[in-house]
Amino acid sequence: MNDALARPAAQQPPWRDREAVRRVRAVLADEEPVVHVEEVEHLRTRLAAVATGAAFLLQGGDCAETFTGSTERNVAGTVGLLSRMAAVLAADGRPPVVTVGRLAGQYAKPRSEPVDALGLPTYRGDIVNALEATAEARAPDPGRMYRAYVSSRAAMAVVRTLVTSGSVGSDGPAVADDGFFVSHEALLLDYESALLRTDGRDPDEAALYDLSSHFLWIGERTRQPEGAHVAFAGLLANPIGVKLGPTTTPERALEYVERLDPDQEAGRLTLISRMGSERVRDVLPPIVEKVTACGHTVVWQCDPMHGNTVRSGDFKTRRFDDIVDEVHGFFEVHRALGTHPGGLHLELTHGDVTECLGGAQRISGTDLHHRYETACDPRLNQAQSLELAHLVARLLPARPLAQPGPGAGA
Ligand code: PEP
Ligand code: MN
């Protein structure tokens with residue numbers, strides 16, 4: 001573990017008080033974890049089904065959760081929206097959907113610039129500093145790692161209650177029978193490594209889990225093959241994702257699968273392409289061909305959000321049509337190669353926000369200021385999310401009608 005963490009780690013906060021970091025980590029190391037080993041193992045088996053084409057993965061939630069926004073209402077709202085979308089996707093005999101929230105821990109954000117337009121240190125997510133634009137609020141505060149843990153536990157408690165009751169509110173959708181899993185970007189290594197736990201086995205054979213979440217992914221800005229994030233993920237028994245932006249070469253993709261899926265285990269690794277609608281049809285095919293030819297059965301997942309971010313006035317936004325186009329491109333690529341378009345990775349919220357342009361509500365540039373509430377990237381609102389689910393459902397195969405068995409019939 002220490003070897004992994006000794007490697008260069010991108011995007012870590014410039015903590016001033018290392019002793020405070022050490023103290024918080026020591027406290028976290030003694031706490032109950034956020035998720036359980038059995039749940040992580042259950043997700044592993046479900047992702048193996050996704051990788052082999054027997055199921056579809058729906059993952060989504062806020063770009064950045066916030067402490068004040070991690071309310072029971074919001075957590076239930078995200079679980080409810082994803083459950084509704086899953087029901088749309090799986091209707092009419094289409095493949096079952098594995099549902100994973102970007103929640104109960106999505107508090108760390110990678111940033112392109114270390115300072116913002118005002119010259120202040122950038123907001124790195126509530127786990128590090130505060131969004132408020134003052135020097136004091138933006139100073140990294142190690143105590144926030146503990147708050148992130150408490151908020152994650154609270155959010156997970158809400159998820160567990162919903163899963164146990166089987167539905168999201170009295171008139172809300174059913175939570176999928178398969179349960180509901182959680183995920184976040186494994187960005188802040190001081191936090192993630194403090195939540196490492198082993199299973200109950202003999203110490204020599206024990207598997208190592210990051211029990212901050214069921215599923216963890218490595219972002220576009222921290223996927224250096226020799227860096228700490230890839231090495232850290234390589235130690236884990238959790239299923240792992242890697243974001244692949246448009247500069248990814250097939251050789252680079254192969255390096256990730258060799259490091260992170262050395263045993264060629266179906267569904268161990270999820271490759272999350274986020275190429276942009278204009279690039280996906282060119283950049284993705286040779287990557288899929290190379291990884292597949294080398295014997296790895298990964299989950300291919302499409303993030304149609306992060307390659308399609310544009311500016312409209314003062315706002316960062318995304319066009320619904322670009323998002324749909326990237327999803328179509330992703331399905332076209334997999335159809336042409338005979339591989340499984342395994343899932344979607346979305347930024348969305350149950351609220352009626354105005355953060356992405358278009359959709360049936362025809363949100364325009366002049367509407368964005370009405371309810372632009374995100375702490376980081378623009379999210380699909382409830383209507384846009386459901387519209388997307390209906391469009392994607394049409395791309396998924398309906399279960400073939402049962403054939404009469406041999407010898408049966410007239
Ligand atoms: C994200 O998922 O919020 C994110 C920052 O994505 P990426 O690493 O793909 O840019
Ligand atoms: Mn984002």
Side-chain angles (χ1 to χ4, degrees), residues 9-13 57-66 69 78 82 100-114 122-128 131 148 182-189 192 213 215-225 227-230 232-233 240-248 252-253 256 269-277 279-280 283-284 287 299-311 315-319 322-323 326-327 330 343-349 353 355-356 372-381 384-385:
Q11 298 278 344
Q12 303 307 290
L57 170 62
L58 174 66
Q59 185 174 9
D62 292 320
C63 176
E65 289 182 278
T66 60
T78 306
L82 289 168
V100 180
R102 264 179 81 115
L103 57 80
Q106 177 55 16
Y107 293 110
K109 293 314 300 173
R111 302 316 299 258
S112 305
E113 304 295 336
T122 41
Y123 172 60
R124 291 178 179 274
D126 271 13
I127 197 167
V128 174
L131 184 56
V182 297
S183 66
H184 63 254
E185 178 173 348
L187 181 70
L188 184 59
L189 295 175
E192 300 302 334
S213 197
F215 177 95
L216 296 146
W217 77 87
I218 302 170
E220 172 71 1
R221 292 164 194 76
T222 52
R223 60 179 172 82
Q224 300 76 15
H229 292 84
V230 170
F232 177 75
I240 297 296
V242 182
K243 293 282 200 94
L244 302 181
T247 60
T248 313
R252 180 52 57 89
Y256 297 132
L269 189 61
T270 297
L271 293 179
I272 313 164
S273 60
R274 32 88 84 220
M275 303 295 178
S277 62
R279 305 295 307 279
V280 61
V283 181
L284 186 57
I287 294 175
V299 172
W300 296 106
Q301 191 186 30
C302 174
D303 165 359
M305 314 299 294
H306 288 90
N308 294 310
T309 312
V310 293
R311 284 209 84 85
F315 296 101
K316 246 208 267 190
T317 187
R318 291 157 175 160
R319 295 190 194 90
D322 292 344
I323 291 168
E326 179 156 355
V327 173
F330 171 82
L344 290 180
H345 184 119
L346 303 171
E347 289 183 340
L348 51 74
T349 175
V353 301
E355 297 173 5
C356 291
Y372 194 94
E373 295 170 5
T374 182
C376 191
D377 288 340
R379 302 161 295 177
L380 296 170
N381 66 22
Q384 290 168 327
S385 302

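As the structure is a computational prediction, the values presented were derived from the model and not from experiment. Ligands are counted one by one from 1 in listed order, and the atoms in each one are counted from 1 as well.
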Sidechain-backbone polar pair: Lys109 side chain, Cys63 backbone, donor-acceptor under 3.5 Å: yes
- prompt: Applying a 4.0 Å heavy-atom criterion (strictly less than), which segment of Met305 is in contact with ligand 1: side chain, backbone, both, or neither?
  reply: neither
Angle in degrees, rounded to 10°, that OE2 of Glu347 and SG of Cys63 form at the Mn ion (ligand 2): 90°
query: For Val353, does its backbone N or O pair with a side-chain atom of Glu355 as donor and acceptor, under 3.5 Å?
result: no
field: Backbone N/O of His184 and side chain of Tyr107: donor-acceptor pair under 3.5 Å
entry: no
query: Counting heavy atoms only, which part of Arg102 comes closer than 4.0 Å to ligand 1: side chain, backbone, both or neither?
result: side chain
query: N/O to N/O below 3.5 Å, does that happen between Glu347 and ligand 1?
result: yes
query: Is His306 close enough that one of its N/O/S atoms sits under 2.8 Å from the Mn ion (ligand 2)?
result: yes
task: Inspect the contact between Asp62 and Arg379 and indicate whether a charged nitrogen and a carboxylate oxygen are less than 4.0 angstrom apart.
output: yes
task: Determine, using ring centers only, whether His345 and Trp217 are less than 6.0 Å apart.
output: yes
task: Measure the distance from atom 6 (O) of ligand 1 to every protein heavy atom, then report the residue, atom name and distance (to 0.1 Å) of the closest one.
output: Lys243 NZ, 2.8 Å
- prompt: Quick check: does Asp303 get an N/O under 3.5 Å from an N/O on ligand 1?
  reply: no
message: Is the contact between Pro110 and ligand 1 made by the side chain, the backbone, both, or neither, using heavy atoms and a 4.0 Å cut-off?
response: side chain
query: Can you tell me if Glu185 uses its side chain to pair, donor with acceptor, with the backbone of Leu216 under 3.5 Å?
result: no
- prompt: Which of the numbered atoms in ligand 1 are below 4.0 angstrom from a heavy atom of Cys63?
  reply: 3 (O)
query: Taking just the N, O or S atoms of Asp377, which one is nearest to the Mn ion (ligand 2)?
result: OD2
query: Is it true that the side chains of Arg102 and Ser183 contain a donor and an acceptor less than 3.5 Å apart?
result: no
task: For Gln59 and Leu346, indicate whether the former's side chain and the latter's backbone hold a donor-acceptor pair under 3.5 Å.
output: no
task: Check the side chains of Glu347 and His306 for a donor-acceptor pair under 3.5 angstrom, ignoring hydrogens and angles.
output: yes
statement: Check: of His345, His306, Glu185, min heavy-atom distance to atom 1 (C) of ligand 1 comes from His306
Check: Ile218 main-chain N/O paired with Thr222 side-chain donor or acceptor under 3.5 Å: no
field: Contacting atoms of ligand 1, where contact means under 4.0 angstrom from a heavy atom of Arg221
entry: 5 (C), 7 (P), 8 (O), 10 (O)
- request: Could you list the atoms of ligand 1 found under 4.0 angstrom from a heavy atom of Glu220?
  value: 7 (P), 8 (O), 9 (O), 10 (O)
task: Can you sort out which atoms of ligand 1 are near Arg274, meaning under 4.0 Å from one of its heavy atoms?
output: 7 (P), 9 (O), 10 (O)
- prompt: What atoms in ligand 1 come closer than 4.0 Å to a heavy atom of Gly219?
  reply: 8 (O)
